[in-house]
Number of protein chains: 2
Amino acid sequence: MKIGELSRRTGVSQRALRYYEQQGMLAPHRRESGYREYGEDAVGAVRRIRTLLAAGLPTRTIAEVLPCIVEVSDEDVASTCPDDLAVYLADERTRISDAITELQTARDLLDRILESRSAAADAHP
Amino acid sequence: MKIGELSRRTGVSQRALRYYEQQGMLAPHRRESGYREYGEDAVGAVRRIRTLLAAGLPTRTIAEVLPCIVEVSDEDVASTCPDDLAVYLADERTRISDAITELQTARDLLDRILESRSAAADAHP
DNA sequence: CTAAAGTCTGACGTCAGTGTCAGAGTCCAC
DNA sequence: GTGGACTCTGACACTGACGTCAGACTTTAG
């Protein structure tokens with residue numbers, strides 16, 4: 001498929017898709033004309049890119065880890081993942097867990113604010 | 001206290017503290033000399049700023065929500081929080097929950113990668 | 001065949017949250 | 001009172017992940 005379709009199917013802008021390619025995270029084939037040609041697997045790849053980007057992993061890391069992922073129906077299986085990368089990924093995993101905790105703290109804070117507000121509304125109906 | 005002490009006590013750089021002020025999130029008193037003078041409550045305020053920044057709230061929103069927070073020992077209570085802000089905060093709450101889900105998805109992906117890797121190591125010891 | 005729609009590269013803009021540096025003024029312990 | 005530590009403002013730099021625009025080329029529907 002061409003870039004427009006991939007963009008529509010993933011919800012990711014064409015600009016972003018080109019950026020992903022520039023960063024080595026995607027490598028579509030090219031037609032004679034220079035048009036990018038993406039395979040079906042690009043949809044899953046883009047989905048993973050978004051997930052890892054949202055988790056704060058740098059593009060370089062994502063570019064390294066994506067080749068480790070082989071699609072098996074809906075599950076992902078890593079094959080040739082070098083040791084040093086695995087160590088780094090374990091660090092990232094820790095960072096993500098910490099981030100989750102922080103977000104939960106933030107959400108709790110918002111909850112307390114919103115809750116005490118509704119409590120005040122109850123007091124002055 | 002002056003900015004150096006607040007920086008040490010919060011682990012936040014002086015540059016960042018000045019930026020927070022510029023964005024209206026902090027409003028320290030000033031000495032005759034122009035030196036910033038922070039109260040004890042600034043420590044908690046900075047802690048909340050970090051939490052909400054980490055959660056992706058924009059500085060403008062944080063500047064609006066901080067005055068809603070009145071310290072009650074270790075709990076926070078909102079007082080005069082305008083309706084429209086509350087609506088917006090509820091949206092942010094949703095966004096944060098979504099972000100947590102995304103992070104968990106990313107962590108699961110990393111787990112599958114790391115797990116299948118150790119499985120491969122077991123297969124070829 | 002033609003016009004409209006799609007795509008290309010390249011470059012500059014943006015935004016948040018700082019880092020860093022310069023040059024000048026201030027504080028405080030001795 | 002002095003010297004070293006601290007603080008001030010202002011400005012420019014930087015990073016990441018894109019947005020946006022220009023100008024040229026390609027594809028596709030009719």
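In what follows, chains are A, B, ... by sequence order, proteins preceding strands, each numbered from 1. All of these numbers come straight from a predicted model, not from anything done at the bench.
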Practice task
Measure from CE on B:Met1 to C1' on D:dC6 and round the result to the nearest Å.
Solution key: 16 Å
Fill in the blank from the handout: Counted 5' to 3', the first and last nucleotides of DNA chain C within 4.0 Å (strictly under) of a heavy-atom of chain B are C:dA16 to C:dC27
Handout entry: A:Tyr19 reachable from A:Tyr35 in the ILVMFWY side-chain graph, under 4.5 Å edges
Key = no
Completion exercise
With B:Tyr20 as partner, the option from B:Ile62, B:Thr59, B:Leu53 fulfilling side-chain contact (heavy atoms from CB on, under 4.5 Å) is B:Leu53
Exercise for the section: Could you walk me through whether A:Arg8 and A:Glu5 pass the salt bridge (charged side-chain N to carboxylate O under 4.0 Å, His left out) test, one step at a time? Expected result: CA-CA 5 Å; A:Arg8 277 189 301 275; A:Glu5 183 180 346; 5.5 Å; no
Restricting to nitrogen or oxygen on both sides, can you table the protein-nucleotides 7-10 of chain D pairs closer than 3.5 Å?
unit_1 : atom_1 : unit_2  : atom_2 : d
D:dT7  : OP1    : B:Gly4  : N      : 2.8
D:dT7  : OP2    : B:Gln14 : NE2    : 3.3
D:dT7  : O4'    : B:Tyr35 : OH     : 3.2
D:dC8  : OP1    : B:Arg36 : N      : 2.7
D:dC8  : OP1    : B:Arg36 : NH1    : 2.9
D:dC8  : OP2    : B:Arg18 : NE     : 3.3
D:dC8  : OP2    : B:Arg18 : NH2    : 3.0
D:dC8  : OP2    : B:Arg36 : NH1    : 3.4
D:dC8  : O5'    : B:Arg36 : NH1    : 3.2
D:dT9  : OP1    : B:Arg30 : NH1    : 3.0
D:dT9  : OP1    : B:Arg30 : NH2    : 3.3
D:dT9  : OP2    : B:Arg36 : NH1    : 2.9
D:dT9  : OP2    : B:Arg36 : NH2    : 2.6

Practice task
Please tell me if the side chains of B:Val87 and B:Asp83 come closer than 4.5 Å, counting only heavy atoms from C-beta onward.
Solution key: no
Exercise for the section: Would you sort out whether B:Val43 and B:Tyr38 count as a side chain to side chain contact (heavy atoms under 4.5 Å, CB included), showing the intermediate values? Expected result: CA-CA 9 Å; B:Val43 177; B:Tyr38 297 91; over 6 Å; no
Completion exercise
Rounded to the nearest 0.5 angstrom, the CD1-CG distance for A:Ile49 and A:Leu66 is 5.0 Å
Exercise for the section: Sorted by first residue and then second, give each salt bridge (charged side-chain N to carboxylate O under 4.0 Å, His left out) pair with at least one member in residues 96-111 of chain B; sequence neighbours left out. Expected result: A:Arg93-B:Asp111
Fill in the blank from the handout: When B:Pro58 and B:Glu32 are each assigned the nearest nucleotide of DNA chain C, the 5'-most assignment goes to B:Pro58
Problem - A:Glu92/A:Arg95 salt bridge by N-O under 4.0 Å criterion - result: yes
Handout entry: Non-hydrogen side-chain atoms of A:Leu89 and A:Thr61 separated by less than 4.5 Å
Key = yes
Exercise for the section: Would you confirm whether B:Glu64, through its side chain, and B:Leu85, through its main-chain N or O, come within 3.5 Å as a donor-acceptor pair? Expected result: no
Handout entry: Positions of residues 90-106 of chain A (non-hydrogen atom under 4.0 Å from DNA chain C), listed by number
Key = none
Handout entry: Backbone N/O of B:Val12 and side chain of B:Ser7: donor-acceptor pair under 3.5 Å
Key = yes
Exercise for the section: Please tell me which of B:Arg31 and B:Arg50 maps to the more 5' nucleotide of DNA chain C, matching each residue to the nucleotide holding its nearest heavy atom. Expected result: B:Arg50
Fill in the blank from the handout: OG1 of B:Thr101 to CD1 of A:Ile100, rounded to nearest 0.5 Å, is 9.0 Å
Fill in the blank from the handout: Terminal axes of the helix from C:dC1-D:dG30 to C:dC30-D:dG1 (5 end pairs apiece), angle rounded to 10 degrees, sit apart by 20°
Handout entry: Counterpart residues, salt bridge (charged side-chain N to carboxylate O under 4.0 Å, His left out), relative to B:Glu21 (two or more places apart)
Key = B:Arg30, B:Arg36
